[in-house]
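Heads up, the thing below is written out as structure tokens.
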Amino acid sequence: AMRTGDREMARRAALASAAARDLVRVNATHHASHARVLLDLVASGDVKTAEVLSSFKEAVALDPRNTLIHLDPARAALTLGQVDSARRSLALARALDADLAPLQAEEGVLALAEGRLDDAENLLRESLKGNWRGQQEAMGRAHGLFALVCLRQGKTSAAVTQADDALRRY
């Protein structure tokens, strides 16, 4: 559950991101940023899932060839437990740029959510070798998730190595 102060900050962030989105309605990044802020408010009940997904849909419609924009609704769907929706968003992103490291990492997250630990391990490992296009925060997240997969597989030493590597890099 979100603390009261955090909830208020998230509400303010939602107002600010809505204002930015409304200033330049054709900017897909503003729509995606607003949707990410709204996603934080779903758990508190302040925002409905449909509103979040609608905002991501608008972002994708404004920039349908932007692979990174397609990853946002996939991440949101996974967060909301909508695995089929995540799979569809990832398929659209894959059609645009199959070698993008953040895409491979999100496919690893999907595999993890489905309990396919070997697939998750392979996808996350390969993603860490790939082109992250400056997405350092996402790469750090992938390192952490890779460590989690290793832990769930009982590979404690590998998990510690990944966690140490992530701490050194980020």
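All values below were derived from every heavy atom in this structure, side-chain atoms included, with hydrogens, water molecules and symmetry-related copies excluded.
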Who pairs with [X] by side-chain contact (heavy atoms from CB on, under 4.5 Å), at least two apart in sequence or on another chain?
X: L148; value: L112, L145, R152
X: D46; value: R7, R11, L41, S44
X: T67; value: A93, L96, D97, L100
X: A111; value: R116, D119, A120, L123

Could you list the residues that satisfy side-chain hydrogen bond (donor to acceptor under 3.5 Å, both in side chains) with [X], not counting sequence neighbours?
X: Q104; value: none
X: D165; value: R169
X: R25; value: D22
X: S17; value: H34

Which pairs pass ring-ring contact (aromatic ring centres under 6.0 Å, His included) with one or both residues in residues 106-154, sequence neighbours excluded?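 Every pair satisfying ring-ring contact (aromatic ring centres under 6.0 Å, His included) with a residue in residues 106-154: H143-Y170.
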With a 4.5 Å cut-off on side-chain heavy atoms, are [Y] and [X] touching?
X: D99; Y: N131; value: no
X: T49; Y: Q82; value: yes
X: K48; Y: S54; value: no
X: Q162; Y: V149; value: no
X: H30; Y: L23; value: no

Hphob cluster co-occupancy, [X] + [Y], side-chain heavy atoms under 4.5 angstrom:
X: V160; Y: L128; value: no
X: F56; Y: V24; value: no
X: M9; Y: L15; value: no

Once salt bridge (charged side-chain N to carboxylate O under 4.0 Å, His left out) is applied, do any residues pair with K155, and if so which ones, sequence neighbours excluded? E121
Which residues share a salt bridge (charged side-chain N to carboxylate O under 4.0 Å, His left out) with E126, sequence neighbours left out: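 Partners of E126 by the salt bridge (charged side-chain N to carboxylate O under 4.0 Å, His left out) criterion, ordered by chain and then number, come out as K129.
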What heavy-atom pair brings [X] and [Y] nearest, and what distance separates the two atoms?
X: A32; Y: A59; answer: N-CB, 3.7 Å
X: V37; Y: A10; answer: CG1-O, 3.8 Å
X: A28; Y: D63; answer: CB-CB, 3.5 Å
X: N27; Y: T29; answer: OD1-N, 2.8 Å
X: G130; Y: A101; answer: C-CB, 3.8 Å
X: A98; Y: R94; answer: CB-NH1, 3.1 Å

Under a 4.0 Å threshold between the charged nitrogen and the carboxylate oxygen, would E137 count as salt-bridged to R141?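 Looking at E137 together with R141, the answer is no, because their closest N to O distance does not fall below 4.0 Å.
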Checking side-chain contact (heavy atoms from CB on, under 4.5 Å) for the pair L39/R75: CA distance, chi angles, key distance, verdict? CA-CA 10 Å; L39 182 60; R75 287 183 188 121; over 6 Å; no
Which value, rounded to the nearest 0.5 Å, describes the distance between [X] atom [atom1] and [Y] atom [atom2]?
X: S85; Y: L53; atom1: OG; atom2: CG; answer: 6.0 Å
X: S89; Y: K57; atom1: OG; atom2: NZ; answer: 11.0 Å
X: N122; Y: L117; atom1: CG; atom2: CG; answer: 11.0 Å
X: S55; Y: D72; atom1: OG; atom2: CG; answer: 11.5 Å

Connected hydrophobic set around V60, excluding itself, where side chains approach under 4.5 Å: I69
Under 3.5 Å, is there a donor-acceptor pair between the side chain of S127 and the main chain of L124? yes
